[in-house]
Amino acid sequence: QVQLVESGGGLVQAGGSLRLSCAASGSTFSSYAMGWFRQAPGKEREFVASISSSGGSTYYADSVKGRFTISRDNAKNTVYLQMNSLKPEDTAVYYCARRTRGGTYYYTRGYDYWGQGTQVTVSS
């Protein structure tokens with residue numbers, strides 16, 4: 001069983017920064033790609049960023065490209081999402097997830113384990 005625990009969310013003013021962390025249990029973390037998604041009230045969960053198992057490849061939604069950076073530390077079983085230049089429209093619950101082998105990185109069905117989410121609120 002894999003457990004993912006997000007942290008680092010909070011309230012920040014527009015233009016500010018936050019760093020989210022996702023700690024994973026289990027010994028196979030380094031074998032799997034990981035991703036971040038977000039869900040705003042009344043909206044579907046949407047892809048934010050994904051990173052390959054080694055960290056050598058990253059993918060971003062157009063809406064966050066150039067502002068967010070995904071990274072991972074396989075020695076610590078942790079994946080991060082550095083969020084800069086935050087906007088009110090970034091307000092959402094942010095989830096980390098483990099991508100299945102061969103899963104499509106931008107589809108929620110490409111992921112099998114999910115964290116409980118952490119709230120990010122950006123005030124204008």
Side-chain angles (χ1 to χ4, degrees):
Q1 186 74 9
V2 174
Q3 288 190 323
L4 303 174
V5 180
E6 301 97 335
S7 61
L11 174 64
V12 64
Q13 288 188 331
S17 298
L18 281 174
R19 188 195 196 200
L20 305 184
S21 299
C22 172
S25 65
S27 60
T28 60
F29 176 78
S30 62
S31 299
Y32 288 88
M34 299 293 293
W36 286 95
F37 286 73
R38 66 187 182 187
Q39 187 166 19
K43 295 188 177 182
E44 292 188 352
R45 192 169 298 189
E46 65 174 6
F47 169 74
V48 174
S50 183
I51 188 167
S52 63
S53 57
S54 68
S57 297
T58 56
Y59 309 90
Y60 297 93
D62 288 343
S63 59
V64 306
K65 202 170 293 183
R67 299 188 298 123
F68 291 11
T69 302
I70 188 171
S71 61
R72 65 189 297 160
D73 184 338
N74 285 341
K76 295 183 178 179
N77 278 18
T78 302
V79 60
Y80 304 97
L81 185 68
Q82 178 66 44
M83 306 186 295
N84 298 329
S85 302
L86 282 161
K87 305 175 181 180
E89 50 264 44
D90 294 318
T91 295
V93 177
Y94 283 71
Y95 300 89
C96 74
R98 190 185 80 168
R99 184 151 39 116
T100 61
R101 300 190 191 284
T104 302
Y105 68 85
Y106 49 83
Y107 284 143
T108 56
R109 61 177 177 267
Y111 296 78
D112 54 0
Y113 288 96
W114 294 81
Q116 82 290 348
T118 186
Q119 176 71 47
V120 171
T121 303
V122 184
S123 63
S124 57

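These numbers were taken from a predicted model, which means no experiment stands behind them. Side chains are part of it too, since the values below use all heavy atoms of this structure and drop only hydrogens, waters and symmetry mates.
- The backbone N or O of Tyr105 sits less than 3.5 Å from a side-chain atom of Tyr111, completing a donor-acceptor pair.
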Check residues 53-62 and write down every donor-acceptor pair under 3.5 Å in which the side-chain atom is one partner and the other belongs to a residue at least two apart or another chain.
| from | atom 1 | to | atom 2 | distance (Å) |
| --- | --- | --- | --- | --- |
| Ser54 | OG | Gly56 | N | 3.2 |
| Tyr60 | OH | Ile70 | N | 2.9 |
| Asp62 | OD1 | Lys65 | NZ | 3.2 |

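- With rounding to the nearest 0.5 Å, the separation of CZ in Phe68 from OH in Tyr94 is 4.0 Å.
- To the nearest 0.5 Å, atom CZ of residue Arg99 and atom OH of residue Tyr106 are 11.0 Å apart.
- The closest donor-acceptor contact from the side chain of Ser25 to the backbone of Gln3 lies under 3.5 Å.
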For residues 80-92, please give each side-chain donor-acceptor pair under 3.5 Å, one per line with the distance, not counting sequence neighbours.
| from | atom 1 | to | atom 2 | distance (Å) |
| --- | --- | --- | --- | --- |
| Gln82 | NE2 | Asn84 | OD1 | 2.9 |
| Asn84 | OD1 | Ser17 | OG | 2.9 |
| Asp90 | OD1 | Arg38 | NH1 | 2.9 |
| Asp90 | OD1 | Arg67 | NH2 | 3.0 |
| Asp90 | OD2 | Arg67 | NH1 | 2.8 |
| Asp90 | OD2 | Arg67 | NH2 | 3.4 |
| Asp90 | OD2 | Lys87 | N | 2.8 |
| Thr91 | OG1 | Pro88 | O | 2.9 |
| Thr91 | OG1 | Val122 | N | 2.9 |
| Thr91 | OG1 | Val122 | O | 3.4 |

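- Leu4 is listed as a side-chain neighbour of Met34, based on a closest heavy-atom distance under 4.5 Å.
- Val120 approaches Gly9 most closely through the heavy-atom pair CG2-CA, 4.1 Å.
- Put simply, SG on Cys96 and CZ on Arg72 are 10.5 Å apart, with the number rounded to the nearest 0.5 Å.
- Once rounded to the nearest 0.5 Å, the distance linking OG1 of Thr78 with CG of Leu20 reads 12.5 Å.
- Side-chain contact check for Phe29 versus Arg98: every heavy-atom pair is 4.5 Å or farther apart.
- One distance of note links CG of Asp73 with OG of Ser30; it measures 11.0 Å at 0.5 Å rounding.
- Atom CD of Gln119 is surrounded by more than 12 heavy atoms from other residues, nucleotides or ligands within 6.0 Å.
- Using a 4.5 Å cut-off on side-chain heavy atoms (C-beta onward), Trp36 and Phe47 make no contact.
- Atom-to-atom distance recorded for Glu6:CD and Cys22:SG is 5.0 Å, nearest 0.5 angstrom.
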